[in-house]
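Below is one structure, written out as structure tokens, with a few remarks after it.
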Amino acid sequence: MSKRTAVITGASAGIGEATARALAEAGFEVVLGARRLDRLQKLADELSGTAHVLDVTDPESVAAFAGSIPECHVLVNNAGGARGLERVEAADEENWRWMWEVNVLGTLRVTKALLPKLVASGDGHVLTVTSIAGYGVYDGGAGYTSAKHAQSALHRTLRSEYLGEPVRVTEIVPGMVETEFSLHRFEGDEERAAGVYRGLQPLTPGDVAEVIAFAATRPSHVNLDQIVLKPRAQYDGTRAHRS
Ligand code: NAP
């Protein structure tokens, strides 16, 4: 029997990279997309998968990416991130625009482009990595939380629109995960990024990837609608216990 194909966006680092490993381990043929092709190619070679450059903020890049994928059973919408932590009164529109482009419109573009192949597979599955930021707000976070709320709403709408079609829809809702996320958010400020995780044990990318692989390997009639996972020491986006 030929392998089922899993497409993972943002697979060059963090949760996406770990997900590529977990899905390859679970027996999927993995197709990886991100902007940093050097990292992606190395991982694809290791996993006997395929790497394609992908910028989800660029419609032409998404069209070329989707066009190069012959079939798709599982799509993991993972590419995303945050920029800045300014209060609304000091919001940087460029940061907001990027967060909406990558998290919301990026998810829309890739999903829209691959839905025909997901349906044609006869057993498709869309998993979207949103965030607990899609369910709460915090000071300085409005650009990111609003984008994650919108991404979550877009994702959940699919669950209803595709009722009756052979496509499952799972939202993965992580709390704090230690990745390059905070480093990018704070423009490479390592000290500030490290402070986010200080005094508690955050989730690892592998913790999230295991959950994604679990959802993707349930029997095809089982739809895990939403999975929320947080470090034990985190209550929400504003409260965590630090020692
Ligand atoms: P990360 O280590 O910074 O990885 C982000 C990934 O997204 C990278 O592979 C990056 O690859 C890719 N990416 C960024 N912009 C892209 C673009 N325009 N086109 C294609 N790929 C792009 O962060 P992460 O924590 O793993 O984040 C993965 C997802 O989890 C994001 O959606 C994030 O919002 C969500 N999340 C993270 C946390 C957390 O605490 N870390 C918590 C909840 C949810 P390139 O730079 O090579 O393009």
Side-chain angles (χ1 to χ4, degrees), residues 7-22 31-44 51-62 64-66 75-83 85 95 97-110 113 127-136 138 141 143-152 154-155 171-188 193-197 200-209 211-212 227-231 233-234 236-237 240:
V7 175
I8 302 122
T9 69
S12 62
I15 297 168
E17 178 183 343
T19 299
R21 290 182 194 285
V31 178
L32 318 178
R35 293 164 304 173
R36 288 170 291 180
L37 192 58
D38 48 340
R39 285 202 192 196
L40 218 52
Q41 192 58 58
K42 233 168 122 184
L43 183 63
H52 297 289
V53 71
L54 168 69
D55 182 347
V56 299
T57 68
D58 174 359
E60 283 178 19
S61 173
V62 173
F65 178 75
L75 165 63
V76 183
N77 284 312
N78 165 76
R83 278 196 187 160
L85 193 63
N95 283 348
R97 198 166 284 115
W98 182 81
M99 288 187 274
W100 278 73
E101 271 290 341
V102 73
N103 293 290
V104 188
L105 292 168
T107 297
L108 171 65
R109 287 186 191 109
V110 177
L127 300 103
T128 303
V129 182
T130 63
S131 170
I132 59 168
Y135 291 86
Y138 54 89
Y144 183 60
T145 56
S146 62
K148 286 299 191 186
H149 275 72
Q151 184 192 31
S152 170
L154 150 64
H155 170 89
E171 181 179 8
I172 306 291
V173 189
M176 209 183 283
V177 190
E178 190 162 11
T179 63
E180 294 172 11
F181 176 89
S182 294
L183 198 62
H184 293 305
R185 175 172 225 171
F186 300 130
E187 295 174 285
V196 172
Y197 311 108
L200 60 76
Q201 185 174 356
L203 297 176
T204 66
D207 293 330
V208 184
V211 167
I212 292 174
I227 306 174
V228 183
L229 67 160
K230 293 182 272 191
Q234 182 178 30
D236 63 13

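Counting starts at 1 for both ligands and their atoms, following the listed order. Note that these values count all heavy atoms, side chains included, but never hydrogens, waters or copies made by symmetry.
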Heavy atoms, side chains only, cut-off 4.5 Å: are [X] and [Y] in contact?
{"X": "V129", "Y": "I212", "result": "yes"}
{"X": "F181", "Y": "V196", "result": "no"}
{"X": "P202", "Y": "V177", "result": "no"}
{"X": "T19", "Y": "V208", "result": "no"}
{"X": "L85", "Y": "F186", "result": "yes"}

Worksheet entry | Reference residue V31; test side chain to side chain contact (heavy atoms under 4.5 Å, CB included); the match among L54, L75, I8, V7 | V7
Discussion item. Testing V102, N78, N77, L105 one by one against V56 for a side chain to side chain contact (heavy atoms under 4.5 Å, CB included), which residue passes?
Written reply: V102
Practice prompt. From the options A133, A79, P174, select the one whose nearest heavy atom is closest to atom 22 (C) of ligand 1.
Written response: A79
Discussion item. Quick test of your reading of the structure: of V177, T130, V129, V196, whose heavy atom lies closest to atom 44 (C) of ligand 1?
Written reply: T130
Proximity of [X] to ligand 1 by residue part, where a heavy atom lies under 4.0 Å:
{"X": "E101", "answer": "neither"}
{"X": "V102", "answer": "side chain"}
{"X": "E178", "answer": "neither"}
{"X": "R35", "answer": "both"}

Heavy atom of [X] under 4.0 Å from ligand 1?
{"X": "G175", "answer": "yes"}
{"X": "K148", "answer": "yes"}
{"X": "P205", "answer": "no"}

Indicate yes or no for a side-chain donor-acceptor contact from [X] to the backbone of [Y] under 3.5 Å, with no hydrogens or angles considered.
{"X": "T9", "Y": "A79", "value": "yes"}
{"X": "Q151", "Y": "T107", "value": "no"}
{"X": "H52", "Y": "L32", "value": "no"}
{"X": "T204", "Y": "D207", "value": "yes"}
{"X": "R185", "Y": "A82", "value": "no"}

[X] versus ligand 1: do any nitrogen or oxygen atoms come within less than 3.5 Å of each other?
{"X": "E180", "answer": "yes"}
{"X": "W98", "answer": "no"}
{"X": "G33", "answer": "no"}
{"X": "G10", "answer": "yes"}

Item to complete: Given side-chain contact (heavy atoms from CB on, under 4.5 Å), test H149 with T145 step by step and report yes or no.
Response: CA-CA 6 Å; H149 275 72; T145 56; 4.2 Å; yes
Worksheet, complete the sentence: Value for OG1 (T57) from CZ (R35), rounded to nearest 0.5 Å, stands at 7.0 Å
Worksheet item: Hey, what do you get for OH (Y138) to CD1 (I132), rounding to the nearest 0.5 Å?
Response: 8.5 Å
Looking only at protein heavy atoms, which one is nearest to [atom], and what is the separation?
{"atom": "atom 33 (C) of ligand 1", "value": "Y144 OH, 3.7 Å"}
{"atom": "atom 11 (O) of ligand 1", "value": "S12 OG, 2.8 Å"}
{"atom": "atom 18 (N) of ligand 1", "value": "D55 OD1, 2.9 Å"}
{"atom": "atom 25 (O) of ligand 1", "value": "T179 OG1, 2.6 Å"}
{"atom": "atom 28 (C) of ligand 1", "value": "N78 OD1, 3.1 Å"}
{"atom": "atom 4 (O) of ligand 1", "value": "A13 CB, 4.1 Å"}
{"atom": "atom 26 (O) of ligand 1", "value": "I15 N, 2.8 Å"}
{"atom": "atom 20 (C) of ligand 1", "value": "L54 O, 3.2 Å"}

Would you mind listing which atoms of ligand 1 come within a distance below 4.0 Å of any non-hydrogen atom of [X]?
{"X": "G14", "answer": "2 (O), 26 (O)"}
{"X": "H184", "answer": "3 (O)"}
{"X": "T57", "answer": "18 (N)"}
{"X": "M176", "answer": "40 (O)"}

